[in-house]
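Order of listing sets the numbers, starting from 1, for every ligand and every atom in it.
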Amino acid sequence: MILTEKRNSPPRAGVIGWPVAHSRSPLIHGHWLKVHNLAGSYERIPVPPEEIDAFLRAFPDSGLSGANVTVPHKEAAYAAADDIDDVGRAIGAVNTLWMEHGKLQATNTDGIGFLANLDDCAKGWDKNPGIALVLGAGGAARAVVWGLMQRGFAVRIANRTRERAQALADRFGGDTAAHDLTEAARLLSDCWLVVNTTSLGMTGKDELPLDLDRLRPDAVVTDIVYVPLETALLAEARARGNRTVDGLGMLLHQAVPGFERWFGVRPTVTPALRSLILADLGVLG
Ligand code: ATR
């Protein structure tokens with residue numbers, strides 16, 4: 001189902017950011033356009049901060065069917081959208097835009113991408129949802145906590161800045177609780193799932209300070225960092241015999257709903273796509 005309003009020419013979409021050169025989205029969507037033999041394009045759209053409001057106001061006349069939005073324009077997109085769906089509102093940020101009935105619509109696909117990656121790589125991970133431990137309380141954590149609550153998990157949020165963890169717990173309510181990052185190791189004995197949403201463990205950053213001694217043998221451990229593909233957290237968990245899921249799948253899966261809306265075909269995340277992105281990142285799969 002193609003929702004673009006300009007059906008007389010092939011659909012165009014892109015990623016709006018500043019800078020935007022580093023974005024892998026053109027590679028992902030370009031791969032799917034090719035695989036499905038579709039007429040359409042996906043571009044990098046660099047928009048400086050001082051121009052973003054005017055750019056978004058003019059979006060309906062731009063000829064674009066939709067777009068992804070990346071840093072630093074997520075707040076501007078949230079403010080400019082005519083309609084934000086329930087998911088975008090619950091997470092409080094949007095990363096995907098499309099035109100519908102002349103109006104700019106927005107959603108957030110990070111939470112769905114997070115869940116789809118686990119569904120894909122850790123079958124049965126949510127069969128008996130218990131307690132999940134989320135490390136970090138930034139924008140990515142918001143999407144992850146939303147996703148985990150959709151699947152019925154109780155969520156413990158541990159963050160360096162405890163107030164941010166508390167604000168996140170308060171945002172979602174239900175069975176959520178906030179902790180200092182230093183409490184994370186103690187919490188592990190009750191957790192079925194551990195998710196790193198901080199930037200720690202990324203190439204060039206410090207390692208995540210977390211002692212895994214109390215990690216349950218049946219816990220699944222996942223990271224949203226994907227450079228390196230296997231972070232020290234994942235390597236240590238794997239060495240202990242735990243199931244681990246790397247963060248690249250979340251990046252790939254979060255792109256699926258946007259592509260489907262703009263180009264009318266639901267694409268799949270395949271080993272070929274993973275290899276393509278890994279090669280571009282210079283990371284060994
Ligand atoms: P994003 O939107 O990508 O999640 P963010 O909002 O900057 O980015 O959040 C980054 C997360 O990594 C936060 O939880 C941050 O902790 P604070 O809320 O205390 O800033 C966490 N983080 C970043 N550097 C860290 C470090 N050196 N030690 C511990 N946590 C860190």
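Atom numbering of ligand 1 starts at 1 in the shown order; those under 4.0 Å from a heavy atom of Ala140 are 1 (P), 2 (O), 4 (O).
Taking the side chain as every heavy atom from C-beta outward, Asn196 and Thr231 never approach each other to under 4.5 Å. Val94 places none of its side-chain heavy atoms less than 4.5 Å from the side chain of Lys74.
Within the 4.0 Å cut-off (strictly below), a protein heavy atom is located near atom 4 (O) of ligand 1. Under the 4.0 Å distance rule, the nearest protein heavy atom to atom 10 (C) of ligand 1 falls outside the cut-off.
Shortest contact from atom 7 (O) of ligand 1 to any protein heavy atom: Arg164 NH1, 4.5 Å. Annotation: atom 8 (O) of ligand 1 to nearest protein heavy atom, Gly139 N, 4.4 Å. With hydrogens left out, the protein atom closest to atom 22 (N) of ligand 1 is Arg160 NH2, 4.0 Å, a heavy atom. Nearest protein heavy-atom neighbour of atom 23 (C) of ligand 1: Ser199 OG, 3.6 Å. Protein heavy atom at the shortest distance from atom 16 (O) of ligand 1 is Asn159 OD1, 3.2 Å.
Compare Ile224, Ile157, Leu200 by their heavy atoms: the one nearest to atom 30 (N) of ligand 1 is in Leu200.
Grouping the Ile, Leu, Val, Met, Phe, Trp and Tyr side chains by contacts below 4.5 angstrom, directly or via other members, places Ile28 with Phe263. In this structure, Leu248 is a member of the same hydrophobic cluster as Leu27, with clusters built from ILVMFWY side-chain heavy atoms closer than 4.5 Å.
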Chi angles and distances behind the side chain to side chain donor-acceptor pair (under 3.5 Å) call for Trp192, Asp218: CA-CA 7 Å; Trp192 299 78; Asp218 50 359; over 6 Å; no
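Taking NE2 of His29 as the reference point, atom CH2 of Trp262 lies at 4.5 Å (rounded to 0.5 Å).
On a distance-only criterion, Asp206 and ligand 1 share no N/O pair closer than 3.5 Å. Looking at ligand 1, you won't find any N or O of Gly136 less than 3.5 Å from one of its N or O atoms. At under 3.5 Å, a nitrogen or oxygen of Thr161, whether backbone or side chain, sits near a nitrogen or oxygen of ligand 1.
In this structure, Arg186 does not pair ionically with Asp180, as no charged nitrogen and carboxylate oxygen lie closer than 4.0 Å. Under 4.0 Å is where a charged nitrogen must lie from a carboxylate oxygen, and between Arg238 and Asp246 no such pair does.
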